[in-house]
Novice: 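Next up is a structure, given as structure tokens.
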Amino acid sequence: MKTITVETLFGPETINVPRKPIKFRLIKTTMETLTVREEVAQYFTADRRYTAPAQVGELFHFLRCETKEHFFTIHLDGKNRIICLDLVSLGSLNQSIVHPREVFKTALQVASAGLICVHNHPTGDPNPSSEDIAITRRLKEAGDIIGINLLDHIIIGSPDIFSFAERSLL
């Protein structure tokens with residue numbers, strides 16, 4: 001007994017499918033090393049380990065004179081040495097817009113082990129606002145998820161600084 005199939009009834013079926021090329025989008029990250037001034041080397045040493053908020057406050061003391069909020073991230077290697085500084089946001093007199101995506105974009109590109117956030121309060125009062133507390137909490141949660149430690153968030157006032165880590169707010 002012969003088995004009846006579609007092929008035995010109608011013959012072999014051929015389908016002509018046009019071949020489409022597969023396209024990939026290649027994203028390239030371009031990092032550039034800039035020499036700001038030669039005398040910066042005396043102020044900023046590449047092999048220095050940052051283990052205390054006062055060290056960061058000293059490094060960013062120039063923010064005390066700024067009239068707009070500046071939000072920086074300091075990207076650190078596994079030994080707490082700076083591998084990158086990033087100006088994430090330049091804001092207005094009393095606020096700057098900061099999103100975890102922008103903070104961690106650079107952290108992922110430069111393979112940060114940890115980071116420290118630094119911003120100034122042009123009013124001189126270093127005490128955190130409710131927005132400062134909220135964004136610090138979001139950054140800590142985001143860092144925990146992707147495996148990059150938020151070590152501290154430091155607010156530069158005049159003349160004092162506020163460290164979230166020192167106040168056990170991280």
Novice: With no hydrogens and no angle check, just 3.5 Å: does a side-chain donor-acceptor pair link Ser163 and Asp152?
Specialist: yes
Novice: Check step by step if ring-ring contact (aromatic ring centres under 6.0 Å, His included) holds for His153 and Phe71.
Specialist: CA-CA 10 Å; His153 182 175; Phe71 192 100; 5.6 Å; yes
Novice: Atom OG of Ser158 and atom CZ of Arg64: how far apart are they, to the nearest 0.5 Å?
Specialist: 6.0 Å
Novice: Is any side-chain heavy atom of Asp125 closer than 4.5 Å to one of Asp160?
Specialist: no
Novice: Roughly how far apart are Asp144 CG and Lys140 NZ, rounded to 0.5 Å?
Specialist: 4.5 Å
Novice: Can you name the closest pair of heavy atoms from Leu139 and Cys117 and give their distance?
Specialist: CD1-SG, 3.8 Å
Novice: Are Leu170 and Ile146 connected, step by step, through hydrophobic side chains (Ile, Leu, Val, Met, Phe, Trp, Tyr) whose heavy atoms are closer than 4.5 Å?
Specialist: yes
Novice: Heavy-atom distance under 4.5 Å between the side chains of Pro122 and Lys68, does that happen here?
Specialist: no
Novice: What closest approach, in Å, do Pro100 and Ile135 show between heavy atoms, and which atom pair accounts for it?
Specialist: CD-CD1, 4.2 Å
Novice: If you measure from CG on Asn120 to CD1 on Ile154, what distance do you get to the nearest 0.5 Å?
Specialist: 13.0 Å
Novice: Is there a continuous path of hydrophobic side-chain contacts, each under 4.5 Å between heavy atoms, that joins Phe104 to Leu87?
Specialist: no
Novice: Is Asn149 reaching over with its side chain to a backbone N or O of Gly114, donor-acceptor style, under 3.5 angstrom?
Specialist: no
Novice: Would you say that Pro53 contacts Ile161 through its side chain, given a criterion of any heavy-atom pair below 4.5 Å between the two side chains?
Specialist: yes
Novice: Main chain of Ile97, side chain of His99: is a donor-acceptor contact present, judged purely on distance under 3.5 Å?
Specialist: no
Novice: Taking Arg49's backbone N and O only, do any of them form a donor-acceptor pair with Gln55's side chain (distance below 3.5 Å, no angle check)?
Specialist: yes
Novice: Within a 6.0 Å radius of atom CZ on Arg137, are there more than 12 heavy atoms belonging to other residues, nucleotides or ligands?
Specialist: no
Novice: Report whether Leu90 and Val103 are members of the same hydrophobic cluster (ILVMFWY, side-chain heavy atoms less than 4.5 Å apart, transitive linking).
Specialist: no
Novice: With a 4.0 Å cut-off, would you call Glu102 and Lys105 a salt bridge?
Specialist: yes
Novice: To the nearest 0.5 angstrom, please state how far the NE2 atom of His75 sits from the CD atom of Gln109.
Specialist: 9.0 Å
Novice: With heavy-atom distances below 4.5 Å as the criterion, would you say the side chains of Ile156 and Pro126 are in contact?
Specialist: no
Novice: Where the side chain of Arg81 meets the backbone of Tyr50, is there a donor-acceptor pair that is under 3.5 Å apart?
Specialist: no
Novice: Within the structure provided, determine whether Thr73 and Cys84 are in side-chain contact (heavy-atom separation under 4.5 Å).
Specialist: no
Novice: How about Thr136 and Arg138: do any of their side-chain heavy atoms sit closer than 4.5 Å?
Specialist: no
Novice: Hydrophobic clustering (ILVMFWY, side-chain heavy atoms < 4.5 Å, transitive) - are Leu85 and Phe62 grouped together?
Specialist: yes
Novice: Side-chain contact, heavy-atom cut-off 4.5 Å: Ile74 with Phe60?
Specialist: yes
Novice: CG/Leu150 to CD/Glu141 distance, rounded to the nearest 0.5 angstrom?
Specialist: 11.0 Å
Novice: Please determine whether the number of non-hydrogen atoms from other residues, nucleotides or ligands lying under 6.0 Å from atom CG of Leu108 exceeds 12.
Specialist: yes
Novice: Please round to the nearest 0.5 Å and tell me the distance separating atom CD1 of Ile82 and atom CD1 of Ile116.
Specialist: 7.5 Å
Novice: Checking His121 against Asn127: is there a side-chain donor and acceptor pair closer than 3.5 Å?
Specialist: no
Novice: Under 4.5 Å between side-chain heavy atoms, hopping through other hydrophobics if needed: is there a path connecting Phe72 to Leu151?
Specialist: yes
Novice: Parallel, tilted or perpendicular: which fits the ring planes of Phe162 and Phe164, with parallel below 30° and perpendicular above 60°?
Specialist: perpendicular
Novice: Looking at Asp132 and Ser129, would you say the former's side chain and the latter's main chain have a donor-acceptor pair under 3.5 Å?
Specialist: yes
Novice: Could you walk me through whether Leu76 and Ser112 pass side chain to side chain contact (heavy atoms under 4.5 Å, CB included), step by step?
Specialist: CA-CA 5 Å; Leu76 304 167; Ser112 298; over 6 Å; no
